[in-house]
Number of protein chains: 2
Amino acid sequence: MTIQTRKQRDLRRREDLFLQVARRLLLERGFHGLTMDRIAEETEYSKGTTYLHFGCKEELILELGKRSRRQRLELITRGVTFDGRPRERMVAIGVAVDIHTRLFPDDVRIWEIMNAESIIEKIPADRQPDLKASDIAVNDMLIGLVNEAIACGDLVLRPGDSPQEITFGLWAITDGGFAAILGNAPLEHLNLRDPYAAIFKNCHVLGDGYGWRPLSTEWDYDATVERIRREVFPEESRVAFGGGEAA
Amino acid sequence: MTIQTRKQRDLRRREDLFLQVARRLLLERGFHGLTMDRIAEETEYSKGTTYLHFGCKEELILELGKRSRRQRLELITRGVTFDGRPRERMVAIGVAVDIHTRLFPDDVRIWEIMNAESIIEKIPADRQPDLKASDIAVNDMLIGLVNEAIACGDLVLRPGDSPQEITFGLWAITDGGFAAILGNAPLEHLNLRDPYAAIFKNCHVLGDGYGWRPLSTEWDYDATVERIRREVFPEESRVAFGGGEAA
DNA sequence: ACAACTCTTGACGCCGCGTCATATCATGGG
DNA sequence: CCCATGATATGACGCGGCGTCAAGAGTTGT
């Protein structure tokens, strides 16, 4: 039993090492700069050993992406526990994503790489649901929040509106916004001062447009953001936004 | 002179042939299924000849993407000539994108493939501005429309709002929405009936949120869409949405 | 000490990209 | 009509990366 466990632990350690080196290579040298031989060389294992862990190069990258998504999901899950009105808790999800992006900017890039058709294309299809699991979880939370808002009367749907549409809109703004920031759009041309703030802002405008109370004109959401950072992400906020000059 | 021209024309023809075959291969067999040898074989030219046209495989794919972007830009440019209030003309851009997506769904997929980091990564950097040119053009049109709306009084910016933000929001919804439709998001899970309509809808909600007159509650934008299709894209609409059973 | 078993290795086969020496073709002058 | 000269096309080749697997190193149990 203990021996079994130690072996498993060693394997896990080794896998972590592979992933850590792979991550560095991917970020420093790009997709084509990441090669299985290089990983083997830098970890001082052989190539055959890496293939005991990952069926192919793409699967390795996918695993990197999955871990980063899981990490983000944890932050979001914590955010949604914030004690407040549904729309405030929606803001908390935004804060979670914002913090995640600031703390781990590289992860978003890895996710972009992973999203490339050429990666997914080579993975046996049965691994892919696993990949989307955390996205689905986030989606469920979003819809859940919208439904709560409806239940408590904060949001009254107009004829033709649906919770799915609202969720889709918020998702699209966030996703499209981050994609733009990451370089798919000519952002430097459209010179926004703070693209992250613009994403937040537009989500609020959309929320107001749907009539989701309290509207941003009748509530101090900046204060809400402060509270969320203080109460839910104190440690992360200190790291992400700096805590003065104290060590 | 005429000889020179005939040669150029032949070269162009051949390039078109390469691109046409490449396009088919890319769509049928994916990124990894598209190989330079295969293109040479199917066109009955040699591989060396293909390399007279394209410096590398990625450059070829990039050219495919560029052409498709240019085509979309043409539709958008036509859309923006629509005779109406600025917000109606913004809708016309949406209609153009919608029509383009319906007429050439494959192009969007090619653009996705092209967007993959692994493609861009290998292109000598001096070709990339060229790529973004049409995106920048679209962006300029969007900002131009927002400014027109401000100039004619249809849109009164609240303190803190900027034309750039509005443009960014609309862009993000559209881009993120299409990305979601193309598979980056768990769309089948969030079961929307018509994702395309949802994009439209959310753009309207955003426009309303910014107070861009006429609001969707005080104007029949469905009628505007009909007019746009009839007046600006009669032929394309017939093909895209079917024109009854007439030949 | 040795057998049986597990884990690790790196040389190898294959494939696709991109090159370049060679072959083929076109043109024009003798 | 033929050959020289330059332009164009070709595909065999080199290279590098992926993924495999037979052989070797290490471990465990007796």
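Not measured: the values here are computed from a predicted model. Lettering of chains follows the sequences in order, A, B, ..., and the numbering in each one begins at 1.
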query: Looking at the side chain of B:Tyr45, which of C:dT9, D:dT10, C:dC17 is the nearest nucleotide?
result: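 For the B:Tyr45 side chain, the nearest candidate turns out to be D:dT10.
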- prompt: Taking only N and O in the side chain of A:Lys47, is any of them less than 4.0 Å away from OP1 or OP2 of D:dG16?
  reply: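 So the side-chain polar atoms of A:Lys47 never come under 4.0 Å of the phosphate oxygens OP1 or OP2 of D:dG16.
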- prompt: Counting just side-chain N and O atoms, does B:Arg14 come under 4.0 Å of either OP1 or OP2 of D:dA9?
  reply: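 For D:dA9, OP1 or OP2 has a side-chain N or O of B:Arg14 closer than 4.0 Å.
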Rounded to whole Å, please give me the gap between [atom1] in [X] and [atom2] in [N].
X: B:Leu60; N: C:dG16; atom1: CG; atom2: P; result: 16 Å
X: B:Gln8; N: D:dT8; atom1: CD; atom2: C1'; result: 16 Å
X: A:Met36; N: D:dC21; atom1: CE; atom2: C1'; result: 16 Å
X: B:Leu52; N: C:dT19; atom1: CG; atom2: P; result: 11 Å
X: A:Ile123; N: D:dC18; atom1: CD1; atom2: C1'; result: 14 Å
X: B:Glu44; N: D:dA9; atom1: CD; atom2: C1'; result: 15 Å
X: A:Tyr51; N: C:dC12; atom1: OH; atom2: P; result: 18 Å
X: A:Ile61; N: D:dC18; atom1: CD1; atom2: P; result: 9 Å

- prompt: With a 4.0 Å cut-off on heavy atoms, is A:Leu34 in touch with a base, just the backbone sugar-phosphate, or nothing at all?
  reply: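 Sugar-phosphate, backbone atoms only, no base.
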query: Contact class for A:Thr49 (heavy atom, under 4.0 Å): base, sugar-phosphate, or nothing?
result: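 Base contact.
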Salt-bridge criterion met for A:Asp107 and A:Arg23 (N-O under 4.0 Å):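 Salt bridge between A:Asp107 and A:Arg23, a charged N being under 4.0 Å from a carboxylate O: yes.
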- prompt: Between A:Arg69 and A:Glu74, is there a side-chain N and carboxylate O pair less than 4.0 Å apart?
  reply: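 Salt bridge between A:Arg69 and A:Glu74, a charged N being under 4.0 Å from a carboxylate O: no.
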- prompt: On DNA chain C, nearest-nucleotide positions of B:Arg38 versus A:Ser46: which is more 5'?
  reply: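 Here A:Ser46 is the residue nearer the 5' end.
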- request: Work out which heavy atom in A:Gly94 is nearest to a heavy atom in A:Phe200; give both atom names and the distance.
  value: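 Scanning both residues, the minimum pair turns out to be C-CZ, 3.9 Å.
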field: From A:Leu142, A:Val95, A:Thr167, residue fulfilling side-chain contact (heavy atoms from CB on, under 4.5 Å) relative to A:Met90
entry: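 Result: among A:Leu142, A:Val95, A:Thr167, A:Leu142 is the only option passing the side-chain contact (heavy atoms from CB on, under 4.5 Å) with A:Met90.
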task: Going by the side-chain contact (heavy atoms from CB on, under 4.5 Å) test, name the single residue among B:Ile173, B:Leu170, B:Asp175 that passes it with A:Ile173.
output: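 In the set B:Ile173, B:Leu170, B:Asp175, the residue that makes a side-chain contact (heavy atoms from CB on, under 4.5 Å) with A:Ile173 is B:Ile173.
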task: Mark yes or no for a side-chain to base donor-acceptor pair under 3.5 Å between B:Lys57 and C:dG18, with no hydrogen or angle criteria applied.
output: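 By the distance-only test, no, there is no pair.
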